[in-house]
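Here's the structure we're looking at; comments come further down.
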Amino acid sequence: MASNEPWLLENGSVKRLTKETRHGHGHSRTAHNKSSSSLRRKSDMSLVSKVPCSTLRNFLANLQEVILGTKLAVLFVAIPFAIAAHYFSYARPWVFSLSLLGLIPLAERVSFLTEQIAFYTGPTVGGLLNATCGNATELIIAIFALKENKIDVVKYSLLGSILSNLLLVLGTSLLCGGIANLSVEQKFDRKQADVNIALLLLGLLCHLLPLMYRSAAESTGIDELSIAKETLNLSRASCIVMLIAYFAYLIFQLWTHRHIFEGEEENEDDMDVSQEETPVIGFWSGLIWLISMTIIISLLSEYLVDTIEEASTSWGISVSFISIIVLPIVGNAAEHAGAIIFAFKNKLDITLGVALGSATQISVFVVPMSVIVAWIIGIKMDLDFNLLETGSLALTILATAFTLQDGTSHYLKGVVLLLCYFVIGASFYVQISPIEPGPHAVNMRFKTSNPGVFSV
């Protein structure tokens, strides 16, 4: 069978997908799906189709699609090495690094598997599944950090994901897209951007209120215990408000105004598009693989949380810098690369759907859900992210809103967003000193717990 024909595995046999079958799935792809698909590798099933045993044929076909069907497949090697490094008690920074590398292809494969399952569940359930699993890695890391009572790591990593999406990913996309399309004015639909910015501002308000309340209460002489209690209660109430807003956003996105978020249609390479829009594995196979991938993500996330302090000490970098800058960049590398590729192709609606959509989901879903989960397991996590963190978030959202206000783009806007990211990253790099700095350390940095003391 020719490798360029659309096909579908049915009862262990390779079956050609007809036009009627293809259209019968009723599947529409989101910006996140299209972004992730740019890193996928087309599979040649000609050899697999010759295997006589149907069970083995089905397994090999699924293995080829799930493991080898991505350009990031080489990074899967890091997963067994991370597990071996953990069980044989290798240096903790190595466990951290290998776990971080292993999460890169897993995050992309989760997106692929949720898209495959969506073919069989229909567009509505598929959309809900994509929305839920879109930032599964961040949520799983947050849950394991909460179990270890590492609240600061949770706050830093989620804040870093928002900052990286709005400044690094969007900035790089606008810069690369502007340079690649100098002769063409890049335009995008502002409706999607306006909706996401409004939700981001709501999330920012919910972060600002606990901080402002604490500052106001401290000036009135209220005891710290009462302030902490009321700040926690205000944060939990704000989280409920954000979750209500998120569910309203899902209704808006998946039902009432779905056309706004579907992105621009591709007009060229119709056969390639039709191939991308056909399922390549069965429903139960996809579900089993998705559960397996989630378990592996959970395992690697636990390794990350357990070894982040040792990595910080070994590398001489603060935990805040690793959590805010390193984790989001590496953990979401596949999705970010896809957004930049579409910016090169002058498809900014897809790029904005990835960058803004992911930032919005973290802000009004993952962050409040983390607070609710902490509440359930008895951990006191609030939305008071301190002045530097909340100020950086506020300025980031404002800079992004002003950048996208006219519905056009050029490379200079990307340069400005990237420079904002570099300045914010520098502020977190010097925020606190490395844990137990060695005797040869030469950089002087402020300690947040005592700004008046230098450490050398």
Side-chain angles (χ1 to χ4, degrees), residues 27-36 110-111 114-115 117-118 121-139 142 158-159 161-166 169-170 188-209 235-264 328 332 335 339 348-373 383 393-394 396-398 400-401 403-405 407:
H27 175 67
S28 71
R29 309 176 70 218
T30 64
H32 288 269
N33 297 141
K34 294 179 181 179
S35 173
S36 298
V110 166
S111 175
T114 53
E115 182 182 357
I117 295 174
T121 59
T124 300
V125 177
L128 289 172
L129 187 62
N130 280 314
T132 304
C133 298
N135 294 99
T137 304
E138 288 90 343
L139 185 58
L158 296 180
L159 173 66
S161 294
I162 299 174
L163 298 181
S164 66
N165 275 289
L166 296 182
V169 179
L170 187 58
F188 55 86
D189 188 358
R190 280 186 52 194
K191 299 186 185 71
Q192 179 181 172
D194 290 344
V195 171
N196 285 287
I197 292 296
L199 288 168
L200 287 170
L201 288 173
L202 173 62
L204 174 61
L205 176 64
C206 293
H207 283 84
L208 281 172
L209 288 177
S235 298
R236 289 170 175 173
S238 299
C239 288
I240 295 174
V241 170
M242 283 194 285
L243 289 176
I244 293 174
Y246 179 71
F247 289 127
Y249 171 63
L250 288 181
I251 295 173
F252 185 86
Q253 181 182 21
L254 299 177
W255 283 286
T256 61
H257 292 71
R258 185 173 179 173
H259 59 281
I260 296 178
F261 297 89
E262 287 183 344
E264 59 188 73
N332 295 317
E335 185 179 80
L348 288 184
D349 286 326
I350 299 177
T351 297
L352 291 177
V354 172
L356 293 181
S358 182
T360 300
Q361 189 177 42
I362 293 171
S363 179
V364 297
F365 175 67
V366 180
V367 171
M369 184 58 67
S370 299
V371 174
I372 298 299
V373 170
L383 292 178
L393 177 62
T396 294
I397 295 174
L398 291 176
T400 304
T403 299
L404 303 177
Q405 65 179 340

>> Just verifying a value: how many Å separate Leu159 CG and Ser164 OG, rounded to the nearest 0.5 Å?
In response: 9.5 Å
> Below 4.5 Å, heavy atoms only, C-beta onward: do Leu170 and Asn165 meet side chain to side chain?
Replying inline: no
> Between Ser161 and Glu138, what is the shortest heavy-atom contact and its length?
Replying inline: OG-CG, 3.5 Å
>> Would you compute the distance between atom CD1 of Ile362 and atom CD1 of Ile162 and round it to the nearest 0.5 angstrom?
In response: 6.0 Å
>> On a heavy-atom basis, which atom in Ser363 and which in Leu200 lie closest, and how many Å separate them?
In response: CB-CD2, 3.8 Å
> Do the non-hydrogen side-chain atoms of Tyr246 and Thr360 ever get within less than 4.5 Å of each other?
Replying inline: no
> Is the backbone N or O of Asp349 less than 3.5 Å from a side-chain atom of Asp189, with the two atoms forming a donor-acceptor pair by type?
Replying inline: no
>> I need the minimum non-hydrogen distance between Asn196 and Tyr249, along with the two atoms involved.
In response: OD1-OH, 3.3 Å
> Would you call Arg190 and Leu404 a side-chain contact if the rule is heavy atoms closer than 4.5 Å?
Replying inline: no
> Quick one: which of Leu383, Leu243, Ile240 gives a side chain to side chain contact (heavy atoms under 4.5 Å, CB included) with Val371?
Replying inline: Leu383
> At what distance, to the nearest 0.5 angstrom, does CD1 of Ile244 lie from SG of Cys239?
Replying inline: 11.5 Å
> How about Gln405 and Ile197: do any of their side-chain heavy atoms sit closer than 4.5 Å?
Replying inline: no
>> Would the distance check show the side chain of Ser370 and the main-chain N or O of Ala142 forming a donor-acceptor pair, the cut-off being under 3.5 Å?
In response: no
> Can you tell me how far the CZ atom of Phe188 sits from the CD1 atom of Ile350, to the nearest 0.5 Å?
Replying inline: 14.5 Å
> Quick one: are Val169 and Thr351 in side-chain contact, heavy atoms under 4.5 Å?
Replying inline: no
>> I need the minimum non-hydrogen distance between Leu352 and Gln192, along with the two atoms involved.
In response: C-OE1, 4.0 Å
